[in-house]
Amino acid sequence: MNVFKRVLFFIAMLCIPSFSFAEEIVGIDQKIDQFFTNYFAWFANMIFYGIKIEDGVTFPLIVAWLFVAAIVFTFYFGFVQFRRIGLAIDIVRGKFSNPDKKEPGEVSHFQALTTALSGTVGLGNIAGVGVALSIGGAGATFWMILLPQ
């Protein structure tokens, strides 16, 4: 029991300075956040402005702009993502490589594709966790641990 009291006393002594100086300590991250909030909040509000659809449901206009841009570029480039799918597959398979001629580089077409794809998926996972934590808070961490996919 004596050891338990000492451990509690030690923990309390570590926590007392953080309680007494909590308002005085302002980190560099809070200063940077406050700077950008003061000067650029109007810009973020303009970009992420949302239209209310129902109670508590908003549709951000940036999603609509991205959708319109995708449609415009699809028509502008003549549906290239559908017309040239065979060419893309042939390039990844290495159809245009000449095995007789020593080409520079050590990475195959397929290795380059898988590297680019893994970087994209990995970055999406990192960004997804960041967005989940910023929206859902600490509870999102609990569910990510409880329900791994």
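This one's a predicted model, so the numbers in the text were calculated from it and none came from an experiment. Numbers here simply count residues along the sequence, with the first being 1.
Judged as a ring pair (Phe, Tyr, Trp, His ring centres under 6.0 Å), and not counting sequence neighbours, the contacts of Phe75 are Phe79. Residues satisfying the side-chain hydrogen bond (donor to acceptor under 3.5 Å, both in side chains) criterion with Thr58, sequence neighbours excluded, are absent altogether. Among residues two or more places apart in sequence or in another chain, the side-chain hydrogen bond (donor to acceptor under 3.5 Å, both in side chains) test is passed with Asn45 by none.
Going from atom CG of Leu66 over to atom CD1 of Ile71 covers 12.0 Å, rounded to the nearest 0.5 Å. Interatomic distance, CZ of Phe48 versus CZ of Phe43, reported as 9.0 Å (0.5 Å rounding). With rounding to the nearest 0.5 angstrom, the OG atom of Ser118 is 11.0 Å from the CG atom of Leu123.
Listed by first then second residue, pairs satisfying salt bridge (Lys or Arg N to Asp or Glu O under 4.0 Å) with a partner in residues 51-61 number zero, not counting sequence neighbours. For residues 60-80, the side chain to side chain donor-acceptor pair (under 3.5 Å) pairs, not counting sequence neighbours, are Thr74-Gln81. Within the structure, every pair that satisfies the salt bridge (Lys or Arg N to Asp or Glu O under 4.0 Å) test and touches residues 78-94, not counting sequence neighbours, is listed here: Asp90-Arg93, Asp90-Lys95.
At most 12 non-hydrogen atoms from other residues, nucleotides or ligands lie less than 6.0 angstrom from OH of Tyr49.
Applying the 4.5 Å side-chain rule to ILVMFWY residues, one finds Phe110, Leu113 in the same cluster as Val92. Cluster partners of Ile85, using a side-chain heavy-atom cutoff of under 4.5 Å among ILVMFWY residues and allowing indirect links, are Ile89. When hydrophobic residues (I, L, V, M, F, W, Y) are linked wherever their side-chain heavy atoms come within less than 4.5 Å, the members clustered with Val68 are Val72. Tyr39 belongs to a hydrophobic cluster whose remaining members, ordered by chain and number, are Ile28, Ile32, Phe35, Phe36, Phe40; membership requires side-chain heavy atoms of ILVMFWY residues under 4.5 Å apart, directly or through intermediates.
Hydrophobic clustering (side-chain heavy atoms under 4.5 Å, transitive across Ile, Leu, Val, Met, Phe, Trp, Tyr) keeps Leu117 apart from Leu87.
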